[in-house]
Amino acid sequence: MIDMDGVLYRGERALPGLHEFLALARARPFVLLTNNSTVTAGDCVAKLRRMGAEVPEPAVLTVSDATARYLASARPTPRRAMVLGSPALRQAVAGAGIELVRAAADVVVVGLDTGFSYGALVEAVRSITAGAMFVATSLDAVLLTEEGIVPGAGAVVAAIGACVRAAPVCVGKPSAAMFEMAASALGLPPPETLMVGDNLESDIAGGAAVGARTALVLSGIAAGDARYAGYAGEHRPDLVFAGLPELTAFLAASWAATPA
Ligand SMILES: [Mg+2]
């Protein structure tokens with residue numbers, strides 16, 4: 001299970017060793033993950049293709065698709081969703097056969113919503129107060145971008161939560177839901193998987209919580225963060241690598257020793 005942003009690329013830039021890593025990864029089942037609710041699996045495939053890497057679309061699990069699957073399997077299954085989020089998230093929820101509405105919803109789904117408005121907050125609060133499910137793609141209050149820190153899905157979740165005095169169900173990492181869906185796509189129980197990520201809270205703590213082995217790469221959000229310097233702290237990964245070349249060398253050696 002491989003996180004993408006900060007592991008395979010940063011923004012539009014492929015990280016060193018991407019092609020060698022993906023060539024090796026193909027020897028075992030793998031799934032690529034993202035907590036970014038503004039992209040579709042097709043967007044991720046296209047981005048990797050721009051970097052010269054070919055990955056089949058079913059090998060990508062976005063948090064928007066995971067959220068849609070979560071809603072489709074919820075009982076009772078919601079029928080009217082108010083989505084505060086991107087076109088990708090709206091498309092995923094609609095693709096699960098759930099009607100998109102602007103009010104009187106039976107589920108309020110919150111992702112990164114760059115068009116967030118007071119009017120939407122009013123209707124979200126009304127729906128949840130009337131009994132709608134409250135679901136979030138992630139709880140990250142801020143995102144690190146090339147332009148600095150910007151509010152994330154968690155900022156809108158917090159605005160709604162302050163009004164309804166309730167916390168949402170979170171589908172994205174570090175929630176178990178995302179990892180369990182990823183592992184089930186691989187046909188493996190989580191303890192037989194390795195989670196590779198650059199974020200201690202979402203990738204490493206979340207992966208460890210479902211029993212996966214965890215590998216931290218220091219090429220993404222962890223780069224330059226003092227907390228990661230000694231790899232200490234509450235979310236200790238099983239393995240730590242400077243980047244993809246070191247991870248690739250480790251996997252090549254250990255897979256040679258233990259064939260699939
Ligand atoms: Mg990442």
Side-chain angles (χ1 to χ4, degrees), residues 1-18 21-22 25 30-41 43-45 47-48 50-51 53 55 59-67 86 88-89 111-112 136-154 170-179 181-183 185 193-210 212-228 231 233 235-248:
M1 304 192 286
I2 305 158
D3 174 54
M4 287 189 278
D5 208 341
V7 177
L8 304 184
Y9 47 71
R10 286 178 81 168
E12 280 295 321
R13 191 166 52 86
L15 283 165
L18 170 66
F21 172 69
L22 287 178
F30 71 92
V31 58
L32 305 179
L33 305 180
T34 180
N35 253 17
N36 181 344
S37 66
T38 69
V39 293
T40 65
D43 293 335
C44 298
V45 168
K47 178 176 199 158
L48 285 164
R50 289 195 294 276
M51 297 170 181
V55 167
V60 175
L61 178 63
T62 70
V63 72
S64 289
D65 287 333
T67 300
S86 68
L89 180 58
L112 179 63
T137 59
S138 103
L139 302 179
D140 295 332
V142 293
L143 306 174
L144 264 176
T145 72
E146 280 157 40
E147 291 79 44
I149 279 175
V150 298
C170 175
V171 176
K173 300 173 291 173
S175 164
M178 184 88 172
F179 295 101
M181 273 183 233
T193 67
L194 173 70
M195 174 64 207
V196 179
D198 66 313
N199 186 306
L200 279 177
E201 282 84 11
S202 60
D203 300 322
I204 303 305
V210 296
R213 287 187 86 198
T214 57
L216 178 72
V217 288
L218 300 173
S219 49
I221 195 168
D225 184 327
R227 288 176 307 155
Y228 295 72
Y231 323 129
H235 310 307
R236 198 182 181 96
D238 297 308
L239 302 160
V240 179
F241 301 99
L244 290 175
E246 293 78 7
L247 172 63
T248 303

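Numbering of ligands and ligand atoms starts at 1, following listing order.
Checked by atom type and distance alone, the side chain of D140 never pairs as donor or acceptor with a backbone atom of G154 at under 3.5 Å.
By the salt bridge (Lys or Arg N to Asp or Glu O under 4.0 Å) test, D3 is found to be paired with K173, residues two or more places apart in sequence or in another chain being considered. Shown here are the side chain to side chain contact (heavy atoms under 4.5 Å, CB included) partners of C44, two or more places apart in sequence or in another chain: M4, T34, V39, V60, T62.
A distance of 8.0 Å separates CD1 of I2 from CG of L33, quoted to the nearest 0.5 Å.
In summary, an N, O or S atom of D5 is located under 2.8 Å from the Mg ion (ligand 1).
Looking only at its N/O/S atoms, D3 has OD2 as the one nearest to the Mg ion (ligand 1). Sorting the N, O or S atoms of D198 by how far they are from the Mg ion (ligand 1) puts OD1 first.
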